[in-house]
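Contents: one structure, followed by commentary.
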Amino acid sequence: MSFSLPVLPYEYAALEPYIDATTMNIHHTKHHQAYINNLNGAIEKTAELKGKTLEEIVQEVSSVPAEVKTVVRNNGGGHWNHCFFWKCMSSPSDTAGPMGDLKEAIEKSFGSMDEMKAKFNAAAAGRFGSGWAWLGCKDDGSLVITSTPNQDNPMMSGLAEEMCKPVLGLDVWEHAYYLKYQNRRPEYIANFWNVVNWEYLSENYQAIKAGGTAKI
């Protein structure tokens, strides 16, 4: 199976003024495309990976042959994470707050929406170097906040410190924000909440409750 760059569900400028169009264009067409190219190259020379879905590759990365494991971990993770990240966002005018079961779960797990945001922001700001912050759902149905280095994600069995299925993810690699925010990562994180696609997050939570994962 060969993977390709997904079409974004909005224009590059749709997340302005919080995430600028130039960053979105470069992030999508250059960085994300590079992960796909590298992943496809690894798959082409690894029979065990051919025919697997992206989710299977990510979840089973610990069992990937040693000679391509690092490439697949970094680039398979990079491809899944970015497919997910793009859908976690929408135009500021199109976003609504948390709703229904997800809102109840956030309040049950964290006490309030504000407390969840504070913990998520701290995880994102505190991730040293490059990586991701996540709001995820554990097997027992509870919500948890975690972060991962580089292009790891919390579905990577044997690698993730806190296993969960992602409901929301935030890219805190510098390429995601540096043109607009330079070294002001906390400002980027705070502004991210203005473009969160709560409808998609609710769909993710429902899918996880039903035994699945987010649709990317």
Side-chain angles (χ1 to χ4, degrees), residues 3 5-6 8 15 18-19 23-24 26-28 30-36 38-39 54-55 57-62 70-90 106 109-110 116-138 143-181 183-198 200-201 204-205 208 213-216:
F3 297 105
L5 188 70
L8 295 186
L15 308 181
Y18 305 107
I19 300 179
T23 292
M24 284 297 299
I26 296 171
H27 197 172
H28 181 241
K30 305 301 182 183
H31 292 281
H32 191 176
Q33 183 66 65
Y35 297 128
I36 295 167
N38 292 335
L39 176 61
L54 180 58
E55 186 173 303
I57 291 171
V58 168
Q59 291 177 330
E60 302 167 9
V61 71
S62 293
T70 298
V71 173
V72 173
R73 176 180 180 176
N74 291 339
N75 295 281
H79 183 28
W80 193 97
N81 293 352
H82 284 83
C83 288
F84 180 71
F85 181 51
W86 306 137
K87 289 193 169 186
C88 283
M89 299 184 290
S90 64
I106 288 172
S109 296
F110 303 102
M116 184 277 287
K117 285 185 177 181
K119 290 182 176 179
F120 186 95
N121 291 0
R127 168 49 59 185
F128 182 76
S130 301
W132 293 74
W134 307 93
L135 171 67
C137 187
K138 300 181 73 172
L143 295 177
V144 64
I145 287 168
T146 187
S147 71
T148 55
N150 302 315
Q151 293 297 346
D152 287 0
N153 74 46
M155 294 192 299
M156 290 181 168
S157 179
L159 296 175
E161 294 179 7
E162 181 84 71
M163 290 289 295
C164 61
K165 294 179 179 179
V167 174
L168 170 68
L170 174 60
D171 188 347
V172 292
W173 282 62
E174 285 190 343
H175 65 234
Y177 63 87
Y178 204 83
L179 287 180
K180 182 175 180 67
Y181 295 98
N183 64 334
R184 305 189 308 277
R185 184 193 284 188
E187 184 180 348
Y188 159 70
I189 295 165
N191 281 339
F192 171 66
W193 294 106
N194 293 295
V195 295
V196 169
N197 183 347
W198 288 103
Y200 179 62
L201 270 59
N204 296 343
Y205 181 62
I208 295 167
T213 56
K215 184 178 180 181
I216 61 169

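- Residue P6 comes nearest to I36 through the heavy atom pair CD-CD1, 4.4 Å, listed as atom of the first residue, atom of the second, then distance.
- Rounded to the nearest 0.5 Å, atoms CH2 (W198) and CG (L201) are 5.5 Å apart.
- Side chain to side chain, N81 and Y35 fail the donor-acceptor criterion of an N or O pair below 3.5 Å.
- The side-chain heavy atoms of F84 and W134, taken from C-beta on, include a pair separated by under 4.5 Å.
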For this session: Apply side-chain contact (heavy atoms from CB on, under 4.5 Å) to N75 and Q151, showing your working.
Result: CA-CA 7 Å; N75 295 281; Q151 293 297 346; over 6 Å; no

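- To the nearest 0.5 Å, atoms CZ (F192) and CG (L15) are separated by 9.5 Å.
- The two residues V167 and C88 have their closest heavy-atom pair at O-SG, 4.2 Å.
- In this structure the side chain of Q59 never reaches within 4.5 angstrom of the side chain of S157, judged on heavy atoms.
- The heavy-atom pair separating I106 from M116 by the smallest distance is CG2-CB, 3.8 Å.
- Taken to the nearest 0.5 Å, the NE2 atom of H32 stands 11.0 Å off from the CG atom of D171.
- R185 places a side-chain N or O within donor-acceptor distance of the main-chain N or O of A124, the cut-off being under 3.5 Å.
- Inter-residue side-chain proximity for H28 and L5 is flagged as met; some heavy-atom pair is nearer than 4.5 Å.
- Looking at heavy atoms from C-beta onward, L179 lies in side-chain contact with I26 at the 4.5 angstrom threshold.
- In this structure, NZ in K138 is found 13.5 Å from NZ in K165, a value given to the nearest 0.5 Å.
- Between P166 and M155 there is a side-chain heavy-atom pair separated by less than 4.5 Å.
- Here the CE atom belonging to M89 is positioned 3.5 Å from the CZ atom belonging to F85, to the nearest 0.5 angstrom.
- Under the 4.5 Å side-chain criterion, counting only non-hydrogen atoms from C-beta, N197 is not in contact with K87.
- Atom CG of residue N153 and atom OG of residue S147 lie 12.5 Å apart, to the nearest 0.5 angstrom.
- Taking all atoms of both residues into account, the shortest heavy-atom contact from A176 to H27 is CB-CE1, 3.6 Å.
- Judged as a side-chain contact (heavy atoms from CB on, under 4.5 Å), and not counting sequence neighbours, the contacts of S109 are S142, L143.
- You'll find the side chain of I19 stays beyond 4.5 Å of the side chain of K180, heavy atoms only.
- Looking at S130 and H175, their side chains never come closer than 4.5 Å, going by heavy atoms from C-beta outward.
- The two residues N150 and W132 have their closest heavy-atom pair at O-CD1, 3.1 Å.
- Side chain of Y200 to backbone of K215: a donor-acceptor contact under 3.5 angstrom is found.
- In terms of the side-chain contact (heavy atoms from CB on, under 4.5 Å) criterion, residue partners of V72 (sequence neighbours excluded) are, by chain and number, L39, A42, L49, I57, V61, V64, V68.
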Could you go through the side-chain contact (heavy atoms from CB on, under 4.5 Å) check for L54 and I216 one step at a time?
-> CA-CA 10 Å; L54 180 58; I216 61 169; 3.9 Å; yes

Trace of the side-chain contact (heavy atoms from CB on, under 4.5 Å) decision for Y188 with T23 | CA-CA 12 Å; Y188 159 70; T23 292; over 6 Å; no

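- Under the 6.0 Å cut-off for aromatic ring centres, H82 and W173 do not qualify, their centroids lying 6.0 Å or more apart.
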